[in-house]
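Both backbone and side-chain heavy atoms feed into the values below; hydrogens, waters and symmetry mates do not.
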Amino acid sequence: MDAKKIIEMKQERAQLAASMRALMDEYEDKLLPADKKEEYEKAEKRFDEISDLILREEKQLERERAAGEIEDKEKAAKKGRTQPFCQSADRKRRSYCGV
């Protein structure tokens, strides 16, 4: 799953939250009729499912980013670089940080 899919899921989740809020506002001081209660519970269940999917996917993406950072550091070490690459203060010359 990519970031675009996560954004789509977040948009769907936001729509669900808005529809749930509308039902709550409409029946603020009274019990939800059976059909509206079923609609609300269905939206709530889907909201929770999407939230779990988003959280799981974001955690995995973070793991993959971290793994990529480790791989980048390993590649740099193989090339003899131990310091991150930085722009010098005058921005005309680039060097390794701390060198």
Side-chain angles (χ1 to χ4, degrees):
M1 185 180 303
D2 60 0
K4 182 179 177 184
K5 182 64 176 170
I6 293 173
I7 291 169
E8 290 170 2
M9 287 191 308
K10 286 181 177 184
Q11 290 170 341
E12 181 183 351
R13 186 177 64 176
Q15 291 171 348
L16 288 165
S19 67
M20 292 165 60
R21 170 54 60 196
L23 281 172
M24 289 175 63
D25 290 347
E26 183 179 350
Y27 295 94
E28 184 175 347
D29 296 330
K30 49 194 168 219
L31 293 175
L32 291 170
D35 63 326
K36 297 294 183 182
K37 184 176 181 181
E38 183 180 334
E39 178 184 338
Y40 183 87
E41 289 173 351
K42 184 178 176 184
E44 185 176 40
K45 182 180 177 189
R46 180 65 182 147
F47 182 94
D48 292 343
E49 289 171 355
I50 291 172
S51 293
D52 288 344
L53 289 169
I54 291 168
L55 180 61
R56 186 171 60 224
E57 189 61 33
E58 286 179 336
K59 282 183 176 181
Q60 182 59 28
L61 288 173
E62 184 57 36
R63 287 182 201 106
E64 291 167 359
R65 280 189 206 108
E69 291 172 5
I70 292 168
E71 288 175 14
D72 288 345
K73 288 178 184 176
E74 289 172 353
K75 287 178 185 176
K78 286 179 182 177
K79 292 181 179 179
R81 291 186 242 153
T82 57
Q83 298 289 327
F85 200 63
C86 296
Q87 184 106 16
S88 66
D90 64 6
R91 299 197 182 269
K92 292 180 182 174
R93 187 175 54 90
R94 290 171 45 119
S95 64
Y96 293 102
C97 294
V99 177

Query raised in the report: Within a strict 4.5 Å, meaning less than it, do heavy atoms of the Asp52 and Arg56 side chains meet?
Result: no
**Report entry** Those residues that, when tested against Glu26, pass side chain to side chain contact (heavy atoms under 4.5 Å, CB included) (two or more places apart)
**Finding:** Leu23
Report task. Give, for atom CG of Leu53 and atom NZ of Lys10, the distance between the pair rounded to the nearest 0.5 Å. Result -> 13.0 Å
Requested in this report: Identify the two heavy atoms, one from Ile50 and one from Met9, that lie closest to each other, and give their separation to 0.1 Å.
Outcome: CG2-O, 3.4 Å
Query raised in the report: Between NZ of Lys59 and CD of Glu64, what distance do you get to the nearest 0.5 Å?
Result: 14.5 Å
Ignoring hydrogens and angles, write down the donor-acceptor pairs under 3.5 Å from the side chains of residues 36-44, residues two or more places apart or on other chains.
none

Report task. Measure the shortest side-chain to side-chain distance between Glu58 and Glu62 over non-hydrogen atoms and say whether it is less than 4.5 angstrom. Result -> no
Requested in this report: Inspect the surroundings of CG in Leu55 and state if more than 12 heavy atoms from other residues, nucleotides or ligands are less than 6.0 Å away.
Outcome: yes
In residues 13-21, what donor-acceptor pairs under 3.5 Å come from side-chain atoms, sequence neighbours left out?
from: Arg13; atom 1: NH1; to: Ser51; atom 2: OG; distance (Å): 3.4
from: Ser19; atom 1: OG; to: Leu16; atom 2: O; distance (Å): 2.9
from: Arg21; atom 1: NH1; to: Asp25; atom 2: OD1; distance (Å): 3.4

Query - Check ion pair Glu49-Arg46 (N to O, under 4.0 angstrom) - result: yes
Requested in this report: Indicate if Phe47 and Met24 have the same hydrophobic cluster label, given that clusters are the connected sets of ILVMFWY residues with side-chain heavy-atom separations under 4.5 angstrom.
Outcome: yes
